[in-house]
Structure formats: C-alpha cells, structure tokens
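Beneath this line is the structure, given in structure tokens, with notes to follow.
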Amino acid sequence: MSDALLHLSRQIEDLLVARNIRGMQSLQAALSPGYLLRAATLLNDNPGTVLIGTGFPVTDTFETDGPVGAVALYNALLTLGYKPVLVCGEPLFSALSSDYQCIRIRDNELPEARRETRQLLEQYAPSLVISIERPGLSADGRYYNMRSEDISDRCACYDYFLIDSQCPTIAIGDGGNEIGMGKVLDAVKSLNIVPAVTSCDELVVADVSNWAAYGILALLGKLRGVDLLEGIQPEQILTYLSKRGSVDGVTRENTLTEDSLCFSAGVELIEQIRDVWRSAP
C-alpha cells in the first residue's frame, strides 16, 4: 500500500462522511484508515463473479439508496471484464432483472435462507461478495429500519452470503443497521439505531451508501489506471429506478433523491472525488 494511494484513500474517506448526517464519522474513527483502498484492492485482486446485494425495503417498495451504487459498481465491473450479479428481493428484482443479471432472494423466509444461500454460493462460486445498503440481522435475529421498526416480514436475507462465503467480502452502510456493521459493533451501539451484527472483511461507511461505491471505484480505477467515475450519471440511474417504483428512504416519496438529498449532491461528490483523484500521483 503506497503512501500516495493511502493518502488518496483517506482523502476520499473523509469526503464520504463530510456531512455526518447519521453519525458515520464516529464509525469511521473505529475503522483502520485506508479501508477504501483495501476494499478496492480486494476487488482488483479477485476478478470473476462478483455478487452485489442491495435493496432496502421501504413501505411496499425499495429505496433509492443502494441500487444506484450497485448499478454503478455493476457497470464498472462489467467494463473491466468481471461477471457482476445483482442479488435482491422483490420488487427490486423485477425492476432490474430485464436489464441486469440478477438473483432473486425471497422475502420473509429466514428459516430457509441459510440453506438456499449455500446452494447459490456453490452454484455461482463468487470471487467476491459485496453488500450495499442491505438490512443486517440484529442480535435478536430480526431486521429493523432507521426508525427502529421491525421490517423482517418484508426483508430477504442476504447476511449469509457474507457469513458463509469462502471469498472476501465488502459491505457498505450509512446508518448502523446494515450488513457489515458488526465490524464496528461497539461504535454502532452509540447510535440511535438497532444495530446490525453481521460483519465483513472490509466495511465502507458514507453519508449515503451509494456514494461509497464511487469511492471504491475511484481507488479501483487508480489501481487499474482508468477513470471509472467518468460515465456515472446518478440522475439517469435514479430516473430509471423512479420509473420502476423507487422511493426516497427518508421521505418515502418517489423523487430523484437519495436519503432526502437531491441527485445533484451525488454529482457534486463525484466531481470532488475526481478532483482529488486527478491530483494524486
């Protein structure tokens, strides 16, 4: 890990939590610096089939935060010759499956989830597993949203893809109730949330989970010598999702926003990341 790459990683890590909307700076402090670069290195070193789990249920549909970043990751990995596969429950599966390679996992079937997950892991033999804004199991074996409401009956279980996989795992979250937060459980307990306990190899935190995907791709692009952020258009992806029924996870409205922030905030962040990316050796 070169000093220049580590410095770039830390710069972008700070950008991702600059707003500190839901206390992610306290979780950042619990992580060893350089986690973006470590996550990107895992991706760089493990080409092949990459499973990308996303989709957080809100009311009877899915929220915008998570799928935008998942699609950005999917498209970038596809250009690099990887075989990305999106893993999600309904209705997100039906929204995406005509345009993306997808695996459907079933809502409210936790007793069967581990067996089914092991079958899928054996079938797909992934080189890497990613979770971006997926609900994580709490200590009581249930799923909770940011309002501490039990949403287990509307959740598909993705936790075992990280727990039982034989490959490296990366998780992304922005609140404390997502898969991966078990890595910094003591820090998460200080937040006003029912914490998720499922851990991962590398955890990336951000003010908006979608934005963490941009940070990982920036570092992966630096390792590959290519700008992987150049073609990402958050407004376009959000429009695609909105037409298929997405809602903002905070306002619960069908708008081109992420956690109540206009898509322009994501565009602005991408440009900030690209600015420091271009100035790095």
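- There is a path of hydrophobic side-chain contacts, each under 4.5 Å, that joins Phe62 to Val250.
- Leu31 and Leu5 end up in the same hydrophobic cluster when Ile, Leu, Val, Met, Phe, Trp and Tyr side chains are linked at under 4.5 Å.
- Under the 4.5 Å side-chain heavy-atom criterion for Ile, Leu, Val, Met, Phe, Trp and Tyr, Val226 and Ile270 are members of the same hydrophobic cluster.
- Residues Val205 and Tyr35 are in side-chain contact: their nearest non-hydrogen atoms beyond the backbone lie under 4.5 Å apart.
- When atom types are taken as modelled, the side chain of Thr41 and the backbone of Leu37 share a donor-acceptor pair closer than 3.5 angstrom.
- Tyr158 contributes a side-chain N or O that, together with a main-chain N or O of Gly53, makes up a donor-acceptor pair within less than 3.5 Å.
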Val68 vs Phe263, side chain to side chain contact (heavy atoms under 4.5 Å, CB included): CA-CA, chis, key distance, verdict: CA-CA 10 Å; Val68 175; Phe263 70 85; over 6 Å; no
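- Around CD of Glu122, the count of heavy atoms belonging to other residues, nucleotides or ligands within 6.0 Å does not exceed 12.
- Cluster membership check: Tyr214 shares its hydrophobic cluster with Val17, using side-chain heavy-atom separations under 4.5 Å among Ile, Leu, Val, Met, Phe, Trp and Tyr.
- Between the Lys222 side chain and the Trp277 main chain, a donor and an acceptor come within less than 3.5 Å of each other.
- Within a 6.0 Å sphere centred on CD of Gln236, heavy atoms belonging to other residues, nucleotides or ligands number 12 at most.
- With hydrogens and angles disregarded, no donor-acceptor distance shorter than 3.5 Å links the side chain of Asp150 to the backbone of Tyr144.
- Here the closest heavy-atom approach between residue Asp201 and residue Cys167 is recorded as OD2-O, 4.1 Å.
- Here the side chain of Asn44 pairs no donor or acceptor atom with the backbone of Ala40 at under 3.5 angstrom.
- For the pair Cys155 and Pro57, the minimum side-chain heavy-atom distance is below 4.5 Å.
- Thr255 and Asp248 share no donor-acceptor pair across their side chains, judged by distance under 3.5 Å alone.
- No side-chain donor from either of Tyr74 and Asp99 sits under 3.5 Å from a side-chain acceptor of the other.
- Contact of the Leu217 side chain with the Ile232 side chain is registered, since non-hydrogen atoms from C-beta on lie closer than 4.5 Å.
- The two residues Ala206 and Asp174 have their closest heavy-atom pair at O-CB, 2.9 Å.
- For Glu13 and Arg10, the salt-bridge test fails: no basic side-chain N is under 4.0 Å from an acidic carboxylate O.
- Under the 4.5 Å side-chain criterion, counting only non-hydrogen atoms from C-beta, Thr117 is not in contact with Asp159.
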Determine, step by step, whether Leu36 and Gln11 satisfy the side chain to side chain contact (heavy atoms under 4.5 Å, CB included) criterion, reporting the C-alpha distance in whole Å, the side-chain angles of both residues, the deciding distance to 0.1 Å, and the verdict. CA-CA 10 Å; Leu36 270 180; Gln11 283 182 292; over 6 Å; no
Apply side chain to side chain contact (heavy atoms under 4.5 Å, CB included) to Val50 and Leu73, showing your working. CA-CA 10 Å; Val50 177; Leu73 285 167; over 6 Å; no
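- A donor-acceptor pair under 3.5 Å is absent between the side-chain atoms of Ser209 and the main chain of Gly66, judged by distance alone.
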Take Ser32 and Arg38 through the test side chain to side chain contact (heavy atoms under 4.5 Å, CB included) and record every step on the way to the result. CA-CA 10 Å; Ser32 298; Arg38 293 194 300 272; 3.7 Å; yes
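- Of all non-hydrogen atoms in Ala213 and Ile172, the two that sit nearest each other are N-CD1, 4.3 Å.
- Annotation for Ala171 and Cys200: closest pair CB-SG, 3.7 Å, computed over non-hydrogen atoms.
- Side-chain atoms of Glu178 come within 3.5 Å of backbone N or O of Gly176 as a donor-acceptor pair.
- The residue from Thr169, Asp45, Ile170 that alone fulfils the side chain to side chain contact (heavy atoms under 4.5 Å, CB included) condition with Leu128 is Ile170.
- In this structure, a donor-acceptor pair under 3.5 Å is present between the side chains of Asp14 and Gln28.
- For Arg154 (side chain) and Thr59 (main-chain N/O), a donor-acceptor pair under 3.5 Å exists by modelled atom type.
- Note that the CD atom of Glu116 and the CG atom of Leu121 stand 12.0 Å from one another [nearest 0.5 Å].
- Proximity of Val188 to Leu27: side-chain heavy atoms (C-beta onward) are separated by under 4.5 Å at one or more points.
- Considering only heavy atoms from C-beta on, Arg19 comes within 4.5 Å of Leu261 through its side chain.
- One finds the CZ atom of Arg22 at 6.5 Å from the CG atom of Asp259 (value rounded to the nearest 0.5 Å).
- Proximity of a side-chain donor or acceptor of Arg106 to a complementary backbone N or O of Glu112 within less than 3.5 Å is not detected.
- For the pair Leu137/Tyr143, a side-chain contact is recorded, criterion being any heavy-atom separation below 4.5 Å from C-beta on.
- Atom-to-atom distance recorded for Met146:CE and Asn192:CG is 11.5 Å, nearest 0.5 angstrom.
- At a threshold of 4.5 Å between non-hydrogen side-chain atoms, the residues Glu230 and Arg274 count as touching.
- Atom CD1 of Ile21 is separated from atom CG of Asp207 by 4.5 Å, given to the nearest 0.5 angstrom.
- Here the shortest heavy-atom pairing between Asn46 and Pro168 reads ND2-CG, 3.8 Å.
- Residue Pro67 forms a side chain to side chain contact (heavy atoms under 4.5 Å, CB included) with just one option from Ile132, Leu86, Thr54, Ile52, and that option is Thr54.
- What you find for Leu78 and Pro84 is that their closest heavy atoms are CD1-CD, 3.7 Å.
- Grouping the Ile, Leu, Val, Met, Phe, Trp and Tyr side chains by contacts below 4.5 angstrom, directly or via other members, places Leu185 apart from Val194.
- Between Ser242 and Asn254, the side chains place a donor N or O and an acceptor N or O closer than 3.5 Å (distance only, hydrogens not considered).
- Crowding of Gln166 atom CD: a count of heavy atoms from other residues, nucleotides or ligands under 6.0 Å not exceeding 12.
- To the nearest 0.5 Å, atom OG1 of residue Thr49 and atom CG of residue Leu77 are 11.0 Å apart.
- For the atom pair SG (Cys157) and CD1 (Ile105), the distance works out to 7.0 Å, reported to the nearest 0.5 Å.
- Under the 3.5 Å distance criterion, the side-chain polar atoms of Ser131 are left unmatched by any main-chain donor or acceptor of Ile179.
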